[in-house]
Peer 1: 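There's a structure below that I have some questions on.
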Amino acid sequence: MTMTRHEIEEELDGLYKDLNFAYNADEETLCRAFNADSKQEYIKALTEEVNKYEALLEEYNLPEDDGMDYINLQLSQGMAVTHW
């Protein structure tokens with residue numbers, strides 16, 4: 001299932017809130033709240049999830065290449081071609 005940009009951003013928002021809580025909570029509170037074995041392991045797992053969703057979000061920022069040769073298309077139609 002492909003996630004929308006909005007869904008990815010919402011997931012990241014939740015992960016960042018959990019990460020902020022994790023950094024500020026003591027070990028016992030964190031382990032009880034998230035059923036975690038240790039604070040360090042939980043923060044590591046959250047960081048990996050954040051990295052995964054950041055990478056997914058980055059894909060939305062990449063330019064799409066649709067394979068069309070627009071320069072030759074413009075030339076074949078007698079249009080002016082400008083280069084930026």
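Given the structure is predicted, the values throughout are model-derived calculations rather than measurements. Just the heavy atoms: all of them, side chains too, but no hydrogens, waters or symmetry mates, feed the values below.
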Peer 1: Can you confirm whether Asn35 is buried at CG, in the sense that more than 12 heavy atoms of other residues, nucleotides or ligands lie under 6.0 Å from that atom?
Peer 2: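 Not more than 12 within 6.0 Å, no.
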
Peer 1: Are more than 12 heavy atoms from other residues, nucleotides or ligands located less than 6.0 Å from atom CG of Asp37?
Peer 2: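 Incorrect, the count does not exceed 12.
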
Peer 1: Drop me the distance from Leu46's CG to Asp18's CG, to the nearest 0.5 angstrom.
Peer 2: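 Between Leu46 CG and Asp18 CG, I get 5.5 Å after rounding to 0.5 Å.
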
Peer 1: How long is the gap from CG on Asp13 to CD1 on Ile8, to the nearest 0.5 Å?
Peer 2: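 Here the rounded value is 13.5 Å.
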
Peer 1: Grab the two heavy atoms, one from Leu30 and one from Ser38, that are nearest each other, plus how far apart they are.
Peer 2: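 It is CD2-O, 4.2 Å.
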
Peer 1: If you measure from CG on Asn51 to CG on Leu15, what distance do you get to the nearest 0.5 Å?
Peer 2: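 Reported to 0.5 Å precision, the distance equals 10.5 Å.
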
Peer 1: Which atom pair, heavy atoms only, marks the closest approach of Lys39 to Tyr23?
Peer 2: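 The answer is NZ-O, 3.3 Å.
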
Peer 1: Flag yes if more than 12 heavy atoms outside Glu54 fall under 6.0 Å of its CD atom; otherwise flag no.
Peer 2: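 Yes, enclosed.
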
Peer 1: Report the residues that fulfil side-chain contact (heavy atoms from CB on, under 4.5 Å) with Glu9, sequence neighbours left out, ordered by chain and then residue number.
Peer 2: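 For Glu9 the side-chain contact (heavy atoms from CB on, under 4.5 Å) partners, ignoring immediate neighbours, are Arg5, Leu57.
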
Peer 1: Go through the structure and list residues passing side-chain contact (heavy atoms from CB on, under 4.5 Å) with Lys52, not counting sequence neighbours.
Peer 2: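 By the side-chain contact (heavy atoms from CB on, under 4.5 Å) rule, Lys52 matches Glu49.
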
Peer 1: I need the Leu12 CG to Glu7 CD distance, nearest 0.5 Å.
Peer 2: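 Interatomic distance, Leu12 CG to Glu7 CD, rounded to 0.5 Å: 12.5 Å.
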
Peer 1: On the 0 to 90° scale, with breaks at 30° and 60°, tag the Phe34-Tyr42 ring pair as parallel, tilted or perpendicular.
Peer 2: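 Judged by the thresholds at 30° and 60°, the geometry between Phe34 and Tyr42 is parallel.
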
